[in-house]
Amino acid sequence: MAANGNGVSTTPKSPLARIQTQKNGGICHDDSGKPVKAQTIDELHSLQRKRSAPTTPLDGVQGAFATISEDERQRQQLQSISASLASLTRGTGPKVVRGDPAGKVQSVSHVAHHHHIEAPTISVSDSSLKFTHVLYNLSPAELYEQAIKYEKGSFITSTGALATLSGAKTGRSPRDKRVVIDDTTQDELWWGKGSPNIEMDEHTFMVNRERAVDYLNSLDKVFVNDQFLNWDPQNRIKVRIVSARAYHSLFMHNMCIRPTPEELENFGTPDFTIYNAGQFPCNRYTHYMTSSTSIDLNLARREMVILGTQYAGEMKKGLFSVMHYLMPMRQILSLHSGCNMGKDGDVALFFGLSGTGKTTLSTDHNRYLIGDDEHCWSDNGVSNIEGGCYAKCIDLSREKEPDIWNAIKFGTVLENVVFDEHTREVDYGDKSVTENTRAAYPIEYIPNAKIPCVGPHPKNVILLACDAFGVLPPVSKLSLAQTMYHFISGYTALVAGTEDGIKEPTATFSACFGAAFIMLHPTKYAAMLAEKMQKHGATGWLVNTGWSGGSYGSGNRIKLPYTRKIIDAIHSGSLLNATYHKTEVFGLDIPTEIEGVPSEILHPENTWADKKAYKETLLKLAGLFKKNFETFTNYKIGKDNKLTEEILAAGPNF
Ligand SMILES: Nc1ncnc2c1ncn2[C@@H]1O[C@H](COP(=O)(O)OP(=O)(O)O)[C@@H](O)[C@H]1O
Ligand SMILES: C=C(OP(=O)(O)O)C(=O)O
Ligand SMILES: [Ca+2]
Ligand SMILES: [Mn+2]
C-alpha cells in the first residue's frame, strides 16, 4: 500500500498557532493551508494509506479482469488457503481470514460470514474455534513492517535492505532432507549411494505435515505467497508458500516469479505447496528423524514440509529439486547454473557448486543477466526458473561487484550480516554470524537483467570449479566427452558456509554440480546435456575460480578480475582461436595466452614454488576423481556406447 504522507497536510486548528511555512526552497513548505478532511486522529491515520487494488483486493471491488465477483473470488481464494492448511486428521481446514490480526482487519466479518463458528461441542478441540489470519502476497513494504514489528533481529540497513537473522541454521541441511518413497518414486528416482534422496515413507511425511500445519494454524497469522516458477510460459509452475515469518515471505517474493495482479486473480490451485514451519522442530521420536530438522518432499502430494530450520535457501532449493523432477519428465533439462547473454545473443551457462562463482560471473555489466542459479534448457532455448538472485555477500565490495552491491537496497533481504548499530552500515567482511551471508533480491534489481528471463540455445557451457588444491588450470577447453566427465564428476571444494558444518574448503564431488538437488540418476541429466550441446554446437570450458600458487593455506584464490578476463575471452570467441597445449594427468587443453591475464598463471605448475608438491597434489586430486567416478562406470550415457566410452576415457590418466 502506497504511503500517502505527502498528500496529508497538517494544519492544526486553534488554540495552537499555525506553523508558518514558505513555498519553494524554504526549509518548511506550505501546501496552501487546506484543512485535513479527517475529523479524528484515527480518521487522519486512515487517510495515510490509500486503498489499493493489486495483490490485496478489497471487498466488493470488481477487478478489471475478474469474471466472477470480487466477493466470490476472495471466498474461493480463502477456501483454497483453508484447504492448504487443512488438518488431515481432523478433516476440515482452519477458519482463515484475510488481514493482520493487529491491524484493522479488512474482511473478518465478511469471511466470518462464510465460515461461521459452529457451536462448540465436546468433541471439538480449541483449535477449530480459532481463526488463522492470512497475510496474502503482501508487498515488500508491508513485509518490512511485519518483520520490524514482530521479528527480532530485523533492521533496515543504511541502503534500505531488510537485515534479518535466519536463526540457528545459517546454511542448508542436506542430511536432513527426506523424499517420500512410493511405488512411483521407487522406480523413477535415484536412490542409494551418492544420491541426495534419503527415503521416508508416506505415513511419516503425514506426521510431519500435520506437525507443521498444526504449528502454522496455532499462530495468529501466516504468510501466504502465490507465485510462479520458470519464465518459459509453457512450462510455468504455480507455487504456494505458507510460512510464519515475514522474512520467509519477502525472501520468496524476491526469489520466485512475481505474478501480476491479473495473474494472481486467476491463480487457482497451486501445483506445489511449501509448509514452512521452520521455527518448530520435528519430533525426534518420529521414524526417520535423525535431528530436530527435517525437510520433507512428497512428489505425489506435491508438497514440501520444513521443520527445524529457518534458513530460507531451503525453500528455494527445495523447489529446485521439484523442478529437477518435473522438467525432465517433459524432456526439459534442469540446470544448476547461472546464465547470461551478450549483445549479439550469445548465451553462456555457468555451472558450479555453491561458492564457485555462478552469481558473481553471470552478473556481468557488459551482458544481459538471464539468471544466477537455476535454469531450464528446452527445445526453445533457456529459461530462468526463478525471479530473483541469491548472492553470497561475504567480503562483497562495490569495486569488484558493483551490480550486486547496488542491488542491496529497499526490498532486498540481507541474511545474517553484521552492521553498525547506529549508522546501520553493513560490514561485509564480518563473519561473526556466518560466512554464508546472503542477499536475495528481485532480478530486475540488476540493471541489465533480461526480462523475460529467457534466451536462445547456449553457445558456451562453462564449468566452474573452486579447486582448493590449486592444481586445476584457471581455464581449459573441453571436448564434449571431457565436458560430460566433469559435469558428472561435479568437483569443487565446498567453501565454508552454504552447507551446515563445513568449516574450511573440503574437496567434494557433486554430480551435475548439484547432487543435493537432482532427483533422477546423474547420467539422465548428463545424456540430455550431451544431446543438447551436440545439437546446438556448444563449447565446454573448465574454469578454476579457486586456488593458484599452492593449495588452500599456501596459495591464493585466483583474482576475480583475472577470472573475468578469462570469461570475457570465452564470450568473445577469442579463446576458441588461441594456441593450446595439453596438460599431463588430466589431459586438459590450456591456452598459452589470454589478454589481460599473466601468461604464467595459465599453467598452474608455473605458480607453485615446490614442483614436487605440485605433482603430488595433482596426482592426489586425480586419484580422488578416479575413485569418485567408479560408481558411474557401469552406466551408459545416452543411446550411444561410443560417447560412454569416450567419457570414461576423458578422466585423468596416470
Ligand atoms: N576468481 C573468482 N571467481 C569467482 N568468484 C570469486 C573469485 N574470487 C573470489 N570470489 C568470490 O567467491 C564467491 C562466489 O560466490 P557466488 O558467485 O555466490 O557463487 P555461486 O553463485 O556459485 O554459489 C563470491 O563471494 C566472489 O566474490
Ligand atoms: C543458495 C544456494 O545456492 P548457491 O550457493 O549455489 O548460490 C545453496 O546451495 O544453498
Ligand atoms: Ca546454487
Ligand atoms: Mn549463487
Side-chain angles (χ1 to χ4, degrees), residues 166 169-174 177 196 251 254-255 295 309 311-321 335-340 349-364 369 371-375 385-386 388-405 407 413 415-416 428-429 431 434-441 462-468 470 472 474-475 490 492-500 502 505 508 510 513-517 543-548 552 555-567 597 601:
S166 69
K169 295 280 158 102
T170 56
R172 281 183 298 104
S173 309
K177 202 175 138 202
F251 178 89
N254 290 351
M255 293 310 299
I295 302 112
T309 171
Y311 180 63
E314 216 66 82
M315 294 183 282
K316 154 198 161 66
K317 282 289 162 56
L319 290 175
F320 191 33
S321 298
L335 315 158
H336 185 210
S337 77
C339 181
N340 67 17
L349 293 176
F350 299 81
F351 285 98
L353 284 162
S354 186
T356 55
K358 295 181 299 300
T359 303
T360 306
L361 300 170
S362 58
T363 308
D364 179 334
L369 178 65
D372 80 320
D373 200 59
E374 306 177 7
H375 291 84
I385 289 174
E386 302 179 289
C389 302
Y390 194 30
K392 276 185 177 286
C393 35
I394 198 71
D395 296 327
L396 183 71
S397 79
R398 185 201 293 257
E399 294 67 40
K400 284 194 206 142
E401 298 174 68
D403 286 341
I404 294 174
W405 179 277
V413 176
E415 286 175 331
N416 300 322
Y428 289 107
K431 303 173 184 173
T434 174
E435 282 250 357
N436 191 29
T437 54
R438 293 270 184 166
Y441 45 87
I462 302 169
L463 310 182
L464 304 171
C466 175
D467 174 28
L472 288 183
V475 61
T492 200
L494 268 192
V495 182
T498 307
E499 286 188 11
D500 210 38
I502 303 290
T508 179
S510 178
F513 292 104
F517 326 116
V543 171
N544 174 13
T545 62
W547 273 255
S548 172
Y552 174 80
N556 289 301
R557 195 154 178 192
I558 293 166
K559 289 189 172 59
L560 182 54
Y562 292 160
T563 302
R564 287 204 192 277
K565 288 284 180 203
I566 289 168
I567 301 289
V597 184
I601 74 160

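Atoms within each ligand, like the ligands themselves, are counted from 1 in listed order. Atoms considered below: every heavy atom in the structure, side chains included; atoms not considered: hydrogens, waters and symmetry mates. Counting begins at 1 with the first residue of the sequence.
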Would you check whether [X] has a nitrogen or oxygen atom less than 3.5 angstrom from a nitrogen or oxygen atom of ligand 1?
| X | result |
| --- | --- |
| Leu361 | no |
| Thr359 | yes |
| Asp373 | no |
| Arg557 | yes |
| Gly357 | yes |

Proximal ligand 1 atoms for [X], defined as those under 4.0 Å from one of its heavy atoms:
| X | answer |
| --- | --- |
| Thr360 | 14 (C), 15 (O), 16 (P), 17 (O), 24 (C), 26 (C) |
| Glu401 | 26 (C), 27 (O) |
| Ile558 | 1 (N), 2 (C), 8 (N) |

Heavy-atom side-chain proximity of [X] to [Y] below 4.5 angstrom:
| X | Y | result |
| --- | --- | --- |
| Asp373 | Lys316 | yes |
| Asn340 | Phe350 | yes |
| Asp372 | Glu386 | yes |

Checklist line | Glu314 to ligand 2, any heavy atom closer than 4.0 Å | finding: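 Flag not set, Glu314 not near ligand 2.
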Next item on the list: Determine, using heavy atoms of Gly313 and all atoms of ligand 2, whether some pair is separated by less than 4.0 Å.
Entry: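 It does not, in that no heavy atom of Gly313 comes within the 4.0 Å cut-off of ligand 2.
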Note to self: My understanding is that we take every heavy atom of each candidate and find the minimum distance to atom 9 (O) of ligand 2. Doing that for Lys392, Glu374, Arg172, which one comes out nearest?
What the structure shows: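 Heavy atom nearest to atom 9 (O) of ligand 2 belongs to Arg172.
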Next item on the list: Return yes if a side-chain donor-acceptor contact under 3.5 Å exists between Asn436 and Thr170, otherwise no.
Entry: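 The criterion, which ignores hydrogens and geometry beyond distance, is not satisfied for Thr170 and Asn436.
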Note to self: Tell me whether ligand 1 is touched by Ser354 - counting only heavy atoms on the residue side and a distance under 4.0 Å.
What the structure shows: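 Yes.
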Item checked: contact_flag Leu353 ligand 1 heavy-atom lt 4.0 Å ->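 Yes.
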Keeping [X] on the side-chain end and [Y] on the backbone end, is there a donor-acceptor pair under 3.5 Å?
| X | Y | result |
| --- | --- | --- |
| Thr356 | Ala465 | no |
| Asp403 | Thr363 | no |
| Glu435 | Ile394 | no |

Check: Would you say Ser354 and ligand 2 have an N/O pair spaced under 3.5 Å apart?
Finding: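 Indeed, backbone or side chain, Ser354 has an N or O that close.
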Show the atoms of ligand 2 that are less than 4.0 angstrom away from any heavy atom in [X].
| X | answer |
| --- | --- |
| Lys358 | 6 (O) |
| Asp373 | 4 (P), 6 (O), 7 (O) |
| Lys317 | 1 (C), 2 (C), 3 (O), 4 (P), 6 (O), 8 (C), 9 (O) |
| His336 | 6 (O) |
| Arg438 | 1 (C), 2 (C), 4 (P), 5 (O), 7 (O) |

Checklist line | Considering all heavy atoms, the nearest Gly371-Ser362 contact | finding: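 Taking Gly371 first and Ser362 second, the nearest heavy atoms are O-OG, 3.7 Å.
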Check: What heavy-atom pair brings Glu314 and Gly171 nearest, and what distance separates the two atoms?
Finding: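 Reported closest heavy-atom pair: OE1-O, 4.3 Å.
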Among [options], find the one that has a side-chain contact (heavy atoms from CB on, under 4.5 Å) with [X].
| X | options | result |
| --- | --- | --- |
| Lys358 | Glu374, Lys392, His336 | His336 |
| Lys317 | Tyr390, Phe517, Tyr311 | Phe517 |
| Leu464 | Thr563, Thr492, Asn544, Thr545 | Thr545 |

Check: Can you tell which part of Lys392 has a heavy atom less than 4.0 Å from ligand 1: side chain, backbone, both or neither?
Finding: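 Looking at Lys392 and ligand 1, atoms from backbone and side chain both fall under 4.0 Å.
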